[in-house]
There are 2 protein chains.
Amino acid sequence: MSAQQIANIELPTQHGASPVLDGAHLQPVSFFPAGTEIYAQGEKAGPLYQVEFGAVRVYRLLADGRRQISAFHMAGETFGFEADAMHHFFAEAINATGVRVLRIAPAADMSRQLLPLALKGMIRAQEHLLVLGRQNALERVAAFLVDMAERQGGLRQVDLPMSRMDIGDYLGLTIETVSRVFTRLKDKGVIRLLGLRSLEILKRDVLQDMGE
Amino acid sequence: MSAQQIANIELPTQHGASPVLDGAHLQPVSFFPAGTEIYAQGEKAGPLYQVEFGAVRVYRLLADGRRQISAFHMAGETFGFEADAMHHFFAEAINATGVRVLRIAPAADMSRQLLPLALKGMIRAQEHLLVLGRQNALERVAAFLVDMAERQGGLRQVDLPMSRMDIGDYLGLTIETVSRVFTRLKDKGVIRLLGLRSLEILKRDVLQDMGE
DNA sequence: CGTGGTGTTGATTACTTTCAAGATGTGTGG
DNA sequence: CCACACATCTTGAAAGTAATCAACACCACG
């Protein structure tokens with residue numbers, strides 16, 4: 001666990017859903033300021049983490065600094081499976097983020113709860129492979145926006161907690177290309193930019209088709 | 001299960017390792033000729049599969065036919081986690097392949113055995129994301145060859161059970177690009193092509209560095 | 001010994017990155 | 001509350017990489 005962790009706080013869960021794991025609500029919530037590390041590659045893994053509020057990026061680096069974000073995690077989502085005795089990945093708070101640290105006893109009945117979560121993560125990763133391997137810039141951004149919209153309840157307005165750099169590193173694109181695609185979608189009347197980190201989806205069906 | 005499945009056969013495990021799952025050796029082995037379907041997207045999922053001999057490709061398709069192979073599975077490896085009540089993926093035998101079908105009872109103690117396998121698959125998928133998102137054609141092919149060599153015991157000679165098309169669809173490249181990179185590696189003296197589906201690694205360190 | 005499928009090579013095109021400059025926002029301090 | 005300053009984002013032009021289109025070579029098979 002990072003030294004940058006500031007404080008343990010206890011507060012009610014922001015999302016109404018019942019805890020993903022039995023007893024999760026009994027665990028303390030840690031606060032991570034924007035940009036701080038939650039766990040690092042090479043650290044001994046063990047606990048799982050549940051986002052209470054804020055957003056988390058999980059990524060891996062090449063020797064020369066190229067970065068691939070494998071997943072974003074929003075409120076209510078569980079992460080930390082990127083572990084196999086040792087973490088293969090870094091996890092950072094994107095914004096001010098509250099994380100419930102779940103120190104799981106590796107009991108058999110716990111595994112039964114963990115398996116569906118792990119499988120969901122694997123299926124997400126493999127779907128992401130299709131995006132990175134076979135879709136162009138426009139399709140990647142469209143798929144990303146549809147995904148973000150769905151994870152925020154399917155509303156027209158979508159909040160992007162992350163920077164263009166993060167989006168680029170998630171989609172395997174540069175920030176310039178991401179920016180150009182946003183402009184293109186805006187010019188086509190598919191989206192409307194409300195702010196840098198907020199937009200409105202005007203033609204969901206078109207966006208959906210783009211992302212296949 | 002596909003109608004193309006020809007016969008159930010019983011034969012000793014080709015790889016010496018102990019069964020990945022308790023009682024796996026008690027399950028029957030099915031034979032799939034080259035190119036036949038093991039499971040399809042949309043099929044109800046349930047069993048896991050263990051490759052006895054041959055090789056399997058797991059992939060997903062876009063509406064227009066673009067294909068992304070998310071994983072190859074060789075003798076001794078377990079697959080079929082791409083399931084969440086429904087399969088999200090297709091699985092096909094690449095060559096004549098024997099597959100042990102493991103009809104798992106979803107008991108708690110089974111989950112404990114399954115979790116590590118599922119996690120390994122997820123970590124593999126997320127490492128593959130880095131390759132597809134952030135590496136160029138040369139780096140992708142190099143990483144692929146190093147991976148294949150390692151999975152075949154680290155020998156100098158590597159057998160590729162799959163076609164250039166399969167390799168391309170795994171690495172997010174066209175067959176032409178894959179072919180050109182092979183030629184480039186050959187001209188550099190990094191590899192030697194023994195046949196279309198067989199090569200020798202002459203400079204492992206160079207290859208390793210290329211794949212980062 | 002054809003013949004079809006696979007693989008290689010070449011020329012051109014298309015897309016994304018890179019490099020560069022300017023615009024827009026955000027946060028801070030006055 | 002406004003102004004400044006830094007970071008982030010957008011836009012443009014040039015370069016680079018991989019895709020596409022096309023032709024040919026090579027096997028493997030019947």
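These figures come from a predicted structure and were not determined experimentally. Residue numbers begin at 1 in each chain, while the letters A, B, ... track the order of the sequences.
- Judged by atom type and distance alone, A/Arg180 reaches the base of C/dT18 through a side-chain donor-acceptor pair under 3.5 Å.
- Here A/Gly172 lies in heavy-atom contact (under 4.0 Å) with sugar-phosphate atoms only.
- For the pair B/Leu196 and A/Ile175, both in contact range of DNA chain D, the more 5′-proximal nearest nucleotide belongs to A/Ile175.
- With rounding to whole Å, A/Leu138 atom CG is found 11 Å from C/dC15 atom P.
- Atom CD of B/Glu176 is separated from atom P of D/dC24 by 16 Å (rounded to the nearest Å).
- For the pair A/Arg140 and A/Tyr170, the NZ or CZ position fails the cation-pi test of under 6.0 Å to the six-membered ring centre and within 45 degrees of the ring normal.
- Phosphate proximity of C/dT17 to A/Thr174: present, with a side-chain N or O under 4.0 Å from OP1 or OP2.
- Remark: C1' of C/dG7 and CG of B/Leu199 are 14 Å apart, rounded to the nearest angstrom.
- Annotation: of the two residues near DNA chain D, B/Asn136 and A/Thr177, the 5′-most nearest-nucleotide partner is A/Thr177.
- Ion pairing of A/Asp147 with A/Arg124 is present here, as a side-chain N (NZ or NE/NH1/NH2) and a carboxylate O approach within less than 4.0 Å.
- Sequence order on DNA chain C of the closest nucleotides to B/Arg134 and A/Gly195 puts B/Arg134 first from the 5' end.
- As a whole-Å value, the separation of B/Asp169 CG from C/dT6 C1' is 14 Å.
- Residue A/Arg184 contributes atom CZ, which lies 14 Å from atom P of D/dG12 at whole-angstrom precision.
- A parallel orientation is assigned to the rings of B/Phe79 and B/Tyr49, their planes being inclined by less than 30° (bins at 30° and 60°).
- Taking 4.0 angstrom as the limit, A/Thr183 places a side-chain polar atom (N or O) nearer than this to OP1 or OP2 of D/dT11.
- Of the two residues near DNA chain C, A/Ala137 and B/Met165, the one whose nearest nucleotide lies more 5' is B/Met165.
- B/Tyr59 carries B/Arg67 over the face of its six-membered ring, with the cationic atom under 6.0 Å from the centre and within 45° of the normal.
- The residue A/Ser163 sits close only to the backbone: its heavy atoms come under 4.0 Å of sugar-phosphate atoms, none of a base.
- Enclosure of atom CE in A/Met74 by more than 12 non-hydrogen atoms of other residues, nucleotides or ligands within 6.0 angstrom is indicated.
- Look at CD1 on B/Ile94: it is 17 Å from C1' on C/dG5, rounded to the nearest Å.
- Here C/dG25 presents its C1' atom at 15 Å from CG of A/Leu160, a figure rounded to the nearest Å.
- As rounded to whole Å, 12 Å separates atom P of D/dA19 from atom CZ of B/Arg66.
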